[in-house]
Amino acid sequence: MKTPTQSKAPTEITYYKLNNEVNIPVDGKIPLNKDKEAVRAYFLEHVNPNTVFFYTIEEKIDYLIEHDYIEAAFIDKYDRQFVYDLLQSTYDKKFRFQSFMGAHKFYSQYALKTDDGERYLERYEDRIVFNALYFADGNEELAISLRDEMIAQRFQPATPTFLNAGRKRRGEMVSCFLVQMTDDMNSIGRTINSALQLSKRGGGVGINLSNLRESGAPIKKVANAASGVVPVMKLFEDSFSYANQLGQRNGAGVVYLSVFHPDIINFLSTKKENADEKIRVKTLSLGVTIPDKFYELVANDEYMYLFSPYDVERIYHRPFSYVNITEEYDKLAQNPAITKYRIRARELENELSKLQQESGYPYVVNIDTVNEANPLDGTIVMSNLCSEILQVQTPSRLNDRQEYEVLGRDVSCNLGSTNMVNMVNSPDFAKSVETDVRALTYVTDHTNIDAVPSIENGNQLSHSIGLGAMGLHTLLALNEMYYGSDESIELTEGYFYALNYWTLVASNKIAKERGESFFEFEKSMYASGEYFDRYIAEPFEMTSDHVKEVLKHVPMPTQEDWKALKESVQKDGLYHAYRLAIAPTGSISYVNETSSALQPIIRLIEERQEKTTGKTYYPAPYLSNRTMPFYESAYDLDMRKVIDIHAAAQRHIDQGMAMTLFMRSEIPEGLYPWKPAGEVKMNTRDLNILRNYAWNQGIKSIYYIRTFTDDGDEVGSNYCESCSI
């Protein structure tokens with residue numbers, strides 16, 4: 001075999017300079033042409049000269065296999081000529097990145113490189129084809145369909161999946177994990193080990209602390225013996241820092257605690273800027289689970305009781321997380337055998353908002369809302385690092401040898417996103433959805449985290465996936481709809497109404513093919529048919545002609561369609577316990593030239609601070625004089641509009657959404673009707689009201705609270721808001 005060659009790189013680098021000029025108005029206009037020039041210069045000056053050249057596709061494949069860059073096994077499931085033809089036909093589609101950020105993100109984060117990290121071995125088309133071949137598992141027709149979905153940018157696997165598929169030396173293809181602990185040292189020790197094992201594999205880890213007894217609780221009847229949740233949090237933070245994925249980056253984790261846990265104030269205090277270093281957690285994320293009862297107590301300005309998890313478990317014979325606080329509150333409060341602590345509910349509410357204002361944390365999971373909408377038998381007790389994964393878990397029980405006496409079910413998250421901009425114009429929406437579902441199903445079926453048996457057990461039993469979406473704001477701008485308008489809400493609901501139906505159809509089809517449904521399907525609302533009744537009674541109907549035009553290629557299920565699906569599911573089952581979740585698409589949104597998830601954009605020209613290259617600028621996708629008025633910044637929007645958009649989608653999503661709220665430290669006067677005239681400073685009351693509004697709208701979770709501080713530096717570096725293109 002000939003040695004692959006590399007041409008010499010040009011000495012002058014102009015692409016960063018060209019990209020930065022996008023932020024410098026010329027005669028009152030944003031020079032978007034500079035970003036197009038930056039893309040061309042990036043390939044001319046960097047990508048092409050630093051890409052290993054192969055004379056033929058055959059030579060390339062042989063080289064990558066021989067030098068342990070890609071696995072031979074998935075390639076060998078196909079006739080080699082099919083592989084060569086698929087690559088060539090993908091090259092022939094002449095894909096071009098439309099922005100410097102999109103190209104830069106792909107080549108810096110996803111493209112396969114030589115072992116020294118200096119040269120590229122893949123083009124964008126190669127990564128897509130390797131993903132398609134890998135997920136199709138020898139099925140040529142499916143491989144072609146997957147290639148078509150990805151090269152048309154209708155479907156995008158999540159970062160770890162897209163990055164690792166087909167590679168010989170790779171991390172896991174799952175995005176994140178959920179693990180819970182019970183109130184004993186064996187469980188704590190095993191969960192710390194699980195965090196280490198999962199962190200080194202590249203996934204974010206969510207951990208439930210709610211079952212642990214509070215600080216000062218007795219141990220073996222010895223008073224004041226328990227240390228509470230804070231020392232355990234410190235252990236997890238150190239674990240994530242230690243298991244740093246071969247030094248590439250620290251692990252990432254989130255810990256969840258119920259607002260009715262006695263350590264809740266101490267828990268929140270660990271994230272305060274002025275916290276004592278002995279308790280402060282710097283990198284660990286915080287989340288709280290909030291039952292409906294808390295909102296009721298806040299509304300009535302009552303005192304609330306915090307209950308000892310040890311006593312509750314002792315009396316109810318199940319861990320604290322599995323006791324419905326809203327239903328049992330009065331009994332718990334009146335039971336003299338349960339240790340309890342009293343605090344004013346609004347005091348705790350303000351503590352939550354103070355911390356969100358200061359740090360963006362904690363995430364919020366409205367746990368009763370989650371469980372009331374859950375179609376499966378069992379209890380959901382927590383979420384993940386991005387607060388969109390919401391699945392039933394069951395606790396494990398270990399003996400003193402750290403062996404499982406009862407192997408519980410925990411969660412791994414297998415994610416991917418549809419690109420709404422391109423998906424609404426799919427030549428076959430139903431086929432696109434089925435193709436996406438089959439890709440994620442392959443990931444689920446071939447994920448084996450045997451180092452954490454509860455994760456492996458949960459994954460094997462549930463076959464869960466999380467198909468989501470990105471690009472909503474871009475889709476709205478292209479179709480001249482304002483974010484949060486009635487039309488935009490109807491469009492959002494219509495899209496997810498259809499996506500829900502067609503993922504159910506795909507899951508039912510796979511169950512029928514395999515003769516297998518998810519664990520305890522027979523106990524679910526799908527098996528009883530109850531899940532489908534609301535759709536049969538009131539199928540979604542569009543009223544806006546504008547929305548009908550945008551979604552004209554999206555097949556909307558009718559009442560008869562739902563009736564037929566109900567019958568088919570009751571007969572043949574569903575393969576996936578969960579199907580839908582909206583992740584906070586970051587890098588993959590840039591690569592797909594679209595806005596992130598269901599969120600509004602932050603700026604017309606987004607500024608990114610890169611570690612090694614300085615500032616780069618990313619114009620809003622498809623930015624033009626026509627779309628500009630519809631690209632309102634998230635920081636200038638009433639956040640109730642963001643909540644309303646997400647609520648419309650949530651009605652048809654079986655899991656959750658990573659919904660971020662964006663606030664200015666100084667809120668424009670008149671934006672929120674509850675703020676008195678002349679009052680512009682953001683305060684805890686604003687966040688309290690928005691959090692309650694989200695709960696009332698049926699929102700299951702709130703991810704970050706992002707605050708924009710109007711300081712001189714920020715304003716001085718901003719682009720001209722009043723410019724044209």
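Numbers here are sequence positions counted from 1.
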[Y] versus [X], side-chain donor and acceptor atoms under 3.5 Å:
X      : Y      : value
Asn374 : Tyr578 : yes
Gln156 : Asn419 : no
Arg579 : Asn500 : yes
Arg685 : Asn688 : no
Asp35  : Ser99  : no
Ser89  : Arg147 : yes
Asp572 : Asn508 : no
Ser145 : Asp148 : no
Asn366 : Tyr295 : yes
Ser507 : His576 : yes
Ser524 : Tyr531 : no

Please determine if Arg608 forms a cation-pi arrangement with Tyr617, meaning its NZ or CZ atom is less than 6.0 Å from the six-membered ring centre and no more than 45° off the ring axis. no
Give, for atom [atom1] of [X] and atom [atom2] of [Y], the distance between the pair rounded to the nearest 0.5 Å.
X      : Y      : atom1 : atom2 : result
Ser383 : Leu390 : OG    : CG    : 4.5 Å
Ile582 : Met657 : CD1   : CE    : 7.5 Å
Leu661 : Leu637 : CG    : CG    : 11.5 Å
Ile602 : Ser596 : CD1   : OG    : 8.5 Å
Ile588 : Thr161 : CD1   : OG1   : 9.0 Å
Met663 : Thr707 : CE    : OG1   : 7.0 Å

[X] versus [Y]: any side-chain heavy-atom pair under 4.5 Å?
X      : Y      : result
Thr418 : Tyr495 : yes
Met423 : Val554 : no
Arg123 : Tyr91  : yes
Tyr618 : Leu604 : no
Arg96  : Lys94  : yes
Leu598 : Met659 : no
Leu18  : Tyr42  : no
Gln655 : Leu580 : no

Do any N or O atoms from the side chain of [X] and from the backbone of [Y] form a donor-acceptor pair under 3.5 angstrom?
X      : Y      : answer
Asn384 : Ile389 : yes
Asp368 : Pro291 : no
Ser701 : Glu388 : no
Asn19  : Phe100 : no

Residues Glu607, Asn23; criterion side-chain hydrogen bond (donor to acceptor under 3.5 Å, both in side chains); working and verdict: CA-CA 9 Å; Glu607 180 180 289; Asn23 199 46; 4.7 Å; no
Take His473 and Tyr631 through the test ring pair (Phe, Tyr, Trp, His ring centres under 6.0 Å) and record every step on the way to the result. CA-CA 7 Å; His473 201 181; Tyr631 265 135; 5.1 Å; yes
Under the salt bridge (Lys or Arg N to Asp or Glu O under 4.0 Å) test, residues paired with Arg651 that sit two or more places apart: Glu493
Partner residues of Glu513 under the salt bridge (Lys or Arg N to Asp or Glu O under 4.0 Å) criterion, sequence neighbours left out: Arg438
Contact summary for [X] and [Y], nearest pair of heavy atoms:
X      : Y      : result
Ala498 : Pro555 : CB-O, 4.0 Å
Pro584 : Ala658 : CD-CB, 3.5 Å
Leu467 : Thr503 : CD2-CG2, 3.9 Å
Arg154 : Pro427 : NH1-CD, 3.8 Å
Ala165 : Met173 : CA-SD, 3.8 Å
Leu478 : Val421 : CD1-CG1, 3.7 Å

Have a look at Tyr590 and tell me which of Gln109, Lys105, Glu606 forms a side-chain hydrogen bond (donor to acceptor under 3.5 Å, both in side chains) with it. Glu606
Is it the case that more than 12 heavy atoms not belonging to [X] sit under 6.0 Å from its [atom1] atom?
X      : atom1 : answer
Glu541 : CD    : no
Asp486 : CG    : no
Glu567 : CD    : no

Evaluate the ring pair (Phe, Tyr, Trp, His ring centres under 6.0 Å) criterion for residues Phe662 and Phe708: first the C-alpha distance (whole Å), next the side-chain angles of each, then the deciding distance (0.1 Å), finally the verdict. CA-CA 8 Å; Phe662 302 84; Phe708 182 92; over 10 Å; no
Sorted by chain and number, sequence neighbours left out, side chain to side chain contact (heavy atoms under 4.5 Å, CB included) with Ala439 holds for Phe135, Leu146, Phe155
Output field: ring centroids [X]/[Y] closer than 6.0 Å:
X      : Y      : value
Phe518 : Tyr575 : no
Phe162 : Tyr110 : yes
Tyr535 : His652 : yes

Only residue of Lys675, Arg664, Arg640 satisfying salt bridge (charged side-chain N to carboxylate O under 4.0 Å, His left out) with Asp686 is Lys675
Between [X] and [Y], what is the ring plane arrangement, given parallel below 30°, perpendicular above 60°, and tilted in between?
X      : Y      : value
Phe106 : Tyr124 : perpendicular
Trp562 : Tyr501 : perpendicular
Tyr482 : Phe630 : tilted

Derivation of the salt bridge (Lys or Arg N to Asp or Glu O under 4.0 Å) call for Lys563 and Glu560: CA-CA 5 Å; Lys563 287 179 180 177; Glu560 292 305 312; 3.5 Å; yes
CA sep, side-chain torsions, deciding dist, call: Thr543, Glu490, side-chain hydrogen bond (donor to acceptor under 3.5 Å, both in side chains): CA-CA 8 Å; Thr543 59; Glu490 184 174 283; 2.7 Å; yes
